Amino acid sequence: MTVIYDTTFNWNEWFIILTLLTMSVMIWVMPKIFSVTEGIAFFVFGVFAGMLFDHTISVEPWDLYDVNDDSSYQVMDFLSYVMYGPFSYFFAYIYKRLHIQGFFHIGFILVWSLFAFLLEWIAVKIGLFHFDKGYPMYWSIPIYMTTQSLLVIYYHVIRIQRLSNRQSGWNS
Amino acid sequence: MKPLIILLFIILLVSCSPTTEERFYVVVVEGKEKIFDQFEDLASVRNPIIEIDYFRKVEDAKERLPEYEMEQTPVVFIFIMNEGKELQLKTTDIDESIRFLNQLKTS
Amino acid sequence: MAVPITVVLMIIVLFFVFFMKKRLNFLQNTILYMVMAIITKNYFSIMVMELKLYKNADDSSLFISLLIDREIIIPILIVIFVNYFIEFRAWYKKIVVSIIIIGCLQLLDFFSVLFGVIEFVRWNMFYELLINMSYLLIGLGICKTLLAIRSHWEGQQYDSNL
């Protein structure tokens, strides 16, 4: 069954396009602190994590919420997942720039999770997400925190691998 | 290698060509209350194929079915898809539409 | 039955990929894994929600089995395939590894259908074979792209063996 919430090209579509364009331009313009492959990895991580959760809890049998104008899978839905990519890139970017260490991790991840939650709230208001099927929105906070913690671990594994490769004479 | 890939895609496209199974198209327009739970299990990908579009707004439904009146909501339209759309049932009684669809599924 | 078997397969596959000799580095392997997982997720969602050629199980435990297949086993099998494919120089070895991985993917589909994790609607194992072959080709395409990025933008010459 397809639930149709809206049929016009309005705020939810513009939100995706504008966010994606602005963030991509920002990636392009900002000074590069990662290698191309690392940048791709951090970008893809966001898309991967976003899709992992959405294609798990928003499809049957759980089907807790819908994305965009209707409950079918559309090109705009795909783009909305690509939109997660720049966010995870900038998460790693700012993490590296601020040299986050020790207990500051908790604050950093909490601030990012609250920022993500705020964006999600805006997305619900403009009709990008539809939680009518009973998804409790506060569940997103632990999901964001888990994903961001994994991204921090991923960042450090990449760093350790790079260092060990350098020591063994293998440039990555 | 290239001809092999092209051949594989042609086979894939042929496999996705439409079939001649009996197909029903249902339009549900929501009224004051959400009723999508009641229709969720009635859609079917097997014969007879039952596709259900559930509209939250009557204006969007009017755009999809401009030739039908929708003064009262909730309203359900059930069509059989032959060469065109042929209306089988139009009702504002949700239970009646659910009975009809259940009958289709079990027949 | 489906979930225990899937978990056993997942653990075997994970151990295998952890200990095998990998030609791609960690970063490239994780990108390959994530992109393949994105592709399998989209493939399953499109097949179930849009084309309606698959029907996935209504049962939650069976869906967990589908998730493990889709998120872990299939992408990891592709990672194993790509690493061996570029490791081997002889063509017959490349063909043998392709056949083995396709065999594994087909067996996985067979088990999924057998235990009701997915149900084919106007679909069959031959079409599935074509899809599995496409996965391997896409995996090689991603690998080649990553190696090209490495050699062009990161100044590293790399013998890809592709």
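Everything quoted here is computed from the prediction, not taken from an experiment. Below, chains carry the letters A, B, ... as their sequence lines are ordered, and counting in each starts from 1. Side-chain atoms are counted along with the backbone in the values below, which use heavy atoms only and exclude waters and symmetry mates.
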Check: A:Pro61 main-chain N/O paired with C:Asn56 side-chain donor or acceptor under 3.5 Å: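 Answer holds: no.
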
What donor-acceptor contacts under 3.5 angstrom involve side-chain atoms of residues 67-82 of chain C, with partners at least two apart or in another chain?
{"residue": "C:Asp69", "atom": "OD2", "partner": "C:Ser112", "partner atom": "OG", "Å": "3.0"}
{"residue": "C:Arg70", "atom": "NH1", "partner": "A:His55", "partner atom": "O", "Å": "3.2"}
{"residue": "C:Arg70", "atom": "NH2", "partner": "A:His55", "partner atom": "O", "Å": "3.3"}
{"residue": "C:Arg70", "atom": "NH2", "partner": "A:Thr56", "partner atom": "OG1", "Å": "3.3"}
{"residue": "C:Glu71", "atom": "OE1", "partner": "C:Lys41", "partner atom": "NZ", "Å": "2.9"}

Among C:Val35, C:Ile31, C:Thr145, side-chain contact (heavy atoms from CB on, under 4.5 Å) partner for A:Ile40: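 The option that passes is C:Ile31.
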
C:Thr6: side chain to side chain donor-acceptor pair (under 3.5 Å) partners, not counting sequence neighbours: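 Applying side chain to side chain donor-acceptor pair (under 3.5 Å) to C:Thr6 gives C:Ser65.
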
Residues that A:Lys133 engages under side chain to side chain donor-acceptor pair (under 3.5 Å), provided they are two or more places apart: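 If we apply the side chain to side chain donor-acceptor pair (under 3.5 Å) test to A:Lys133, skipping adjacent residues, the hits are A:Asp63, A:Asp66.
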
Look at atom [atom1] of [X] and say whether more than 12 heavy atoms of other residues, nucleotides or ligands are closer to it than 6.0 Å.
| X | atom1 | answer |
| --- | --- | --- |
| A:Glu60 | CD | no |
| A:Trp62 | CH2 | yes |
| A:Lys32 | NZ | yes |
| C:Met125 | CE | yes |

Side chain, backbone, both or neither of A:Thr2 within contact of chain C (heavy atoms, under 4.5 Å):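 It is neither, since no heavy atom gets under 4.5 Å.
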
Neighbours of chain C found in residues 72-108 of chain A - heavy atoms under 4.5 Å: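 Near chain C, by residue number: A:Ser72, A:Tyr73, A:Phe78.
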
Side chain / backbone / both / neither for C:Met49 at chain A, heavy atoms under 4.5 Å: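 Contact with chain A involves the side chain of C:Met49 alone.
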
Side chain / backbone / both / neither for C:Ile39 at chain A, heavy atoms under 4.5 Å: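 Neither part.
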
Close side-chain approach of C:Leu27 to A:Arg162, heavy-atom, < 4.5 Å: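 The answer is no, as the side chains (C-beta and beyond) never meet within the 4.5 Å cut-off.
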
Non-hydrogen side-chain atoms of A:Val59 and C:Phe63 separated by less than 4.5 Å: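 Contact flag for A:Val59/C:Phe63 side chains = yes.
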
Greatest number of heavy atom pairs closer than 4.5 Å to chain A - which of C:Asp58, C:Ile46, C:Thr30: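 Top option by heavy-atom pairs under 4.5 Å: C:Thr30.
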
